[in-house]
Amino acid sequence: MNKELLLPISAVFSPRIQEHTPPFELWRGLPDPHYDKPEIAKLIHKGLIHLANEGALEIVEPTQRNIKSIICETHTTTYVEYLEWLSAYLSTQPEMIVPKITSIPNMEVEVKRYPAFAFPSIFPRERNVRESKKRLIDLGLFANDTGTPVMANTYEIASLSAATAITGADLIISGKKVVYCGSRPPGHHAEEDRMSGYCYFNNAAIAAQRIYNKTKGKIAILDIDIHHGNGTQQIFYRSNKIDYYSLHIETEGVAPNFGGYEEEVGVDAGIGHNHNYPLRNGFTDKEYFHKFEQVMDKINNIRPDYLILSLGFDGHVNDPLHIGSLTTEAYVQMGRKINELQIPLLIAQEGGYNLENLDDYLVSFLKTLVISYEK
Ligand code: SP5
Ligand code: ZN
């Protein structure tokens, strides 16, 4: 029997992504729990091991060759080197003590200790970044929000996450039909020179750029994370080589808080290559699938050579962010539809914060891609 048919999916994964441990995020200036917890890495691993034990996929470690220069094909060198510098700087700094915010009067203030971290505090509107200034205060030049803390290992683990997508891209280039990249931290909110929304390097964009540079093929990115991928949109906004399709909750009050509207269609050569499908707050599965079908038709019409899927499970009805009402069956249905396209597929993991069942969502979704290739 042909081995290709028995092991149709490659999954790129490093257990070291659980070393990314953001302490908390700042929301309106106060510490709030950070949803991208290291347990998510463990659940992704658990799901992949389950599928590997069934013979449905093989797990591959990301390679570490040339990662920085490949990241710099998508992000500015100034940004990449600033994050590299800041991480190194934080590794020299002492622990930080943070009081736990409480509204209870006269309560004794609890404190928590964390390895050194940094948040941006100044966001200059007019930026003139000639070179990375390499000062702590410059972090606001490279960030959109205060949900994306930097720690001593942020550069290393964000690079590892990008390496996961780069290795996946190389597998696709060499002829693999379906590759899942267990990328964490996620990527789709990261712009060419700004971190935000838990994202530092845009893994899906880096993979798309890599595949384009090596093959010159037509590429479509489909983003089904429930948030708008402002970073992916920004990176390819002028491009007619890489089309971006996003289904997401309207951004009013939800990350990324600005943009994601239908009228954002691209600029210059990119006009007509950016496609936003915002959903109103409280959308139903029926409304979701109505738009999803439209996107599928469009992608089927342009028949890209490669499809990149930004896969987020944060629209699931049981996600702690409580944004969407999608069931596991809804994700399975999407997987089947995507599989029907029969276009070489690279999947980059984005959001999804359920700390109990994320592995089930992933297993159910990836199984839809195995079955048809087993025929
Ligand atoms: C990749 C991805 O899914 N990023 C999502 C970033 C979401 N960040 C916002 C999380 C919610 C902030 N907390 C506000 C709660 C008010 N008490
Ligand atoms: Zn998300």
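We count ligands from 1, going down the list as the structure has it; atoms in each ligand are counted the same way.
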S.K.: Show which atoms of ligand 1 fall inside a sub-4.0 Å distance from at least one heavy-atom site of Gly351.
M.R.: 3 (O)
S.K.: May I ask you to identify the nearest protein heavy atom to atom 5 (C) of ligand 1, giving residue, atom name and distance to one decimal place in Å?
M.R.: His227 CE1, 3.4 Å
S.K.: For ligand 1, which part of Glu350 has a heavy atom less than 4.0 Å away: the side chain, the backbone, both, or neither?
M.R.: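 Glu350 to ligand 1: no contact under 4.0 Å from either part.
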S.K.: Can a non-hydrogen atom of Arg28 be found less than 4.0 Å from any atom of ligand 1?
M.R.: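 Flag not set, Arg28 not near ligand 1.
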S.K.: Near Lys337 NZ, under 6.0 Å, is it more than 12 heavy atoms from other residues, nucleotides or ligands?
M.R.: no
S.K.: If you have a sec, work out which protein heavy atom is nearest atom 12 (C) of ligand 1 and how many Å separate them, to one decimal?
M.R.: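 Minimum-distance protein heavy atom for atom 12 (C) of ligand 1 reads Glu25 OE1, 3.8 Å.
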S.K.: Find, among atoms of Asp314 that are N, O or S, the one nearest to the Zn ion (ligand 2), and state its name.
M.R.: OD2
S.K.: Tell me yes or no: between the side chains of His228 and Asn276, is some donor less than 3.5 Å from an acceptor?
M.R.: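 Present: a donor and an acceptor within the cut-off.
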S.K.: Which atoms of ligand 1 sit under 4.0 Å from any heavy atom of Asp314?
M.R.: 3 (O)
S.K.: So which protein heavy atom does atom 17 (N) of ligand 1 come closest to, and at what separation?
M.R.: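 Protein heavy atom with the smallest distance to atom 17 (N) of ligand 1: Asp32 OD2, 3.4 Å.
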S.K.: Identify, for atom 4 (N) of ligand 1, the protein heavy atom at the shortest distance, and state residue, atom and that distance.
M.R.: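 Nearest protein contact, heavy atoms only, for atom 4 (N) of ligand 1 is Gly197 O, 3.0 Å.
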S.K.: His189 heavy atoms, cut-off 4.0 Å: which ligand 1 atoms fall inside?
M.R.: 1 (C), 2 (C), 4 (N), 5 (C)
S.K.: If only side-chain N and O atoms count, and only distance matters, is there a donor-acceptor pair under 3.5 Å linking Glu264 with Asn274?
M.R.: no
S.K.: Are Leu160 and His20 close enough that some pair of their side-chain heavy atoms sits under 4.5 Å apart?
M.R.: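 Sidechains of His20 and Leu160: no contact.
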S.K.: Examine His227 and say whether one of its N/O/S atoms is closer to the Zn ion (ligand 2) than 2.8 Å.
M.R.: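 Looking at His227, which is the residue asked about, there is an N, O or S atom under 2.8 Å from the Zn ion (ligand 2).
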S.K.: Is the Zn ion (ligand 2) less than 2.8 Å from an N/O/S atom of Asp225, whether that atom is in the backbone or a side chain?
M.R.: yes
S.K.: Should you measure from each heavy atom of Pro186, which atoms of ligand 1 turn up under 4.0 Å away?
M.R.: 1 (C)
S.K.: If we ignore hydrogens and angles and just use 3.5 Å, is the side chain of Arg303 paired with the main-chain N or O of Leu341 as donor and acceptor?
M.R.: yes
S.K.: Regarding Thr164 and Ser183, do their side chains bring together a donor and an acceptor under 3.5 Å, going by distance alone?
M.R.: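 Short answer, no.
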S.K.: Can you tell me the protein heavy atom closest to atom 10 (C) of ligand 1 and the distance?
M.R.: Tyr198 OH, 3.4 Å
S.K.: If we count only N and O atoms by modelled type, under 3.5 Å, do the side chains of Tyr35 and Glu25 hold a donor and an acceptor together?
M.R.: no
S.K.: Within the structure provided, determine whether Ser121 and Ile137 are in side-chain contact (heavy-atom separation under 4.5 Å).
M.R.: yes
S.K.: Under a 4.0 Å heavy-atom limit, does Ile226 contact ligand 1 with its side chain, its backbone, both, or neither?
M.R.: neither
S.K.: With heavy atoms only and a cut-off of under 4.0 Å, state how Phe313 meets ligand 1: side chain, backbone, both or neither.
M.R.: neither
S.K.: What is the closest protein heavy atom to atom 3 (O) of ligand 1, and at what distance does it sit?
M.R.: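 Among all protein heavy atoms, the one nearest atom 3 (O) of ligand 1 is Tyr353 OH, 2.5 Å.
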S.K.: Let me check something: do Leu222 and Leu326 share a hydrophobic cluster, defined by ILVMFWY side-chain heavy atoms less than 4.5 Å apart, either directly or through other members?
M.R.: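 Hydrophobic grouping puts Leu222 with Leu326.
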S.K.: Can you list the ligand 1 atoms lying under 4.0 Å from a non-hydrogen atom of Asp225?
M.R.: 3 (O)
S.K.: Side chains of Ser161 and Asn203: is there a donor and an acceptor less than 3.5 Å apart?
M.R.: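 Ser161 vs Asn203: donor-acceptor pair found between side chains.
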S.K.: Testing the 3.5 Å rule here: is there a donor-acceptor pair between the side chains of Glu191 and Asn230?
M.R.: yes
